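Reading through the structure tokens given below for one structure.
Quick caveat, the model's predicted, so the values are computed rather than measured.
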Amino acid sequence: MNIPFLGNWRRRHDGARGTGLAAAVAADPDGVAELLAECELLRVRAGRRGLELDDSPASLAALDQLPPRWRDDPEELPWLGNDAGLYLGTVLVRNVPGAVWSIWPSGQPVVRLASGREIDVVEAGLDWAMAGSPELSQVYSESAEG
């Protein structure tokens, strides 16, 4: 997975090239969580429609209600879906006790719940962006329950 902001993070952290995202999460989980929370494309697109993303579960429900005009741009669609997944993960980490970012060996960021269950939020975001299902608020609700 290509994570463009990782290069910026590495430059700000003494050029720790080659350490990988998993090592970055271990060394600076709060810093990586902030980077994963940027979701700039999604925040800009939502803002244009009058929706401020405040990292709350209610904002996920509001995103679910937006008309999916991003589907008109096949080049932007995967980027928006990736951002939607990272935003879902951010809301989970900031609102569900014990939820933390974790990195699979493939480099894929996921959210690990206190139960040990891992949520592939990027996949959920891509599914949401492409098909509208499952809704982001539904993934959040199901994850927050367990």
Problem set entry | Transitive ILVMFWY side-chain link Val100 to Ile119, under 4.5 Å | no

Exercise. Mind checking whether Leu113 and Ser143 have side chains closer than 4.5 Å, heavy atoms only?
Worked result: yes

Seminar exercise, completed: Correct closest heavy-atom pair for Ala124 and Val139 would be CB-CG2, 4.3 Å

For this session: List the atom of Tyr140, the atom of Asn95, and the distance in Å for their closest heavy-atom pair.
Result: OH-CB, 3.4 Å

Exercise. What are the two closest non-hydrogen atoms of Val96 and Ala144, and how far apart are they?
Worked result: CG2-CB, 3.9 Å

For this session: Could you walk me through whether Trp101 and Thr90 pass side chain to side chain contact (heavy atoms under 4.5 Å, CB included), step by step?
Result: CA-CA 9 Å; Trp101 285 106; Thr90 296; 3.9 Å; yes

For this session: Could you tell me whether the side chain of Leu42 reaches within less than 4.5 Å of the side chain of Leu53, counting heavy atoms only?
Result: yes

Exercise. Is Arg43 salt-bridged to Asp55, cutoff N-O under 4.0 Å?
Worked result: yes

Exercise. How long is the span from the OG atom in Ser102 to the CD atom in Gln108, to the nearest 0.5 Å?
Worked result: 11.0 Å

Exercise. Only one of Val32, Leu35, Asp120, Ile103 forms a side-chain contact (heavy atoms from CB on, under 4.5 Å) with Pro109, so which one is it?
Worked result: Ile103

Exercise. Nearest 0.5 Å, what's the CD-CZ distance between Glu76 and Arg45?
Worked result: 4.0 Å

Exercise. How many angstroms lie between CG in Leu80 and CE in Met130, if you round to the nearest 0.5 Å?
Worked result: 10.5 Å

Exercise. Taking all non-hydrogen atoms of both residues, which atom of Pro74 and which atom of Asp72 are closest, and how far apart?
Worked result: CD-O, 3.4 Å

For this session: Measure from the side-chain N and O atoms of Asn82 to the backbone N and O of Pro78, and report whether any donor-acceptor pair falls under 3.5 Å.
Result: no

Exercise. Can you name the closest pair of heavy atoms from Trp70 and Ala129 and give their distance?
Worked result: NE1-O, 3.0 Å

For this session: For Glu118, look at atom CD and say whether over 12 heavy atoms of other residues, nucleotides or ligands are found less than 6.0 Å away.
Result: yes

Problem set entry | Side-chain donor/acceptor of Arg71 to backbone N/O of Leu77, under 3.5 Å | no

For this session: Say whether Leu66 and Trp79 are linked into one hydrophobic cluster, either directly or through other cluster members, by side-chain heavy-atom distances under 4.5 angstrom.
Result: yes

Exercise. Is it true that a side-chain atom of Asp127 and a backbone atom of Ser133 form a donor plus acceptor pair closer than 3.5 Å?
Worked result: no

Exercise. Hey, quick one: are Val110 and Val91 part of the same hydrophobic cluster, counting side-chain heavy atoms closer than 4.5 Å, chains of contacts allowed?
Worked result: no

For this session: Decide yes or no for Val121 and Tyr87: does some side-chain heavy atom of the first lie under 4.5 Å from some side-chain heavy atom of the second?
Result: no

Exercise. Is there a side-chain contact between Arg69 and Arg49, using heavy atoms and a 4.5 Å cut-off?
Worked result: yes

Exercise. Any idea which heavy atoms bring Leu63 and Ala46 closest together, and the distance?
Worked result: CD2-CB, 4.2 Å

For this session: Look at the side chain of Asp64 and the backbone N and O of Glu135, then say whether any donor-acceptor pair between them is shorter than 3.5 Å.
Result: no

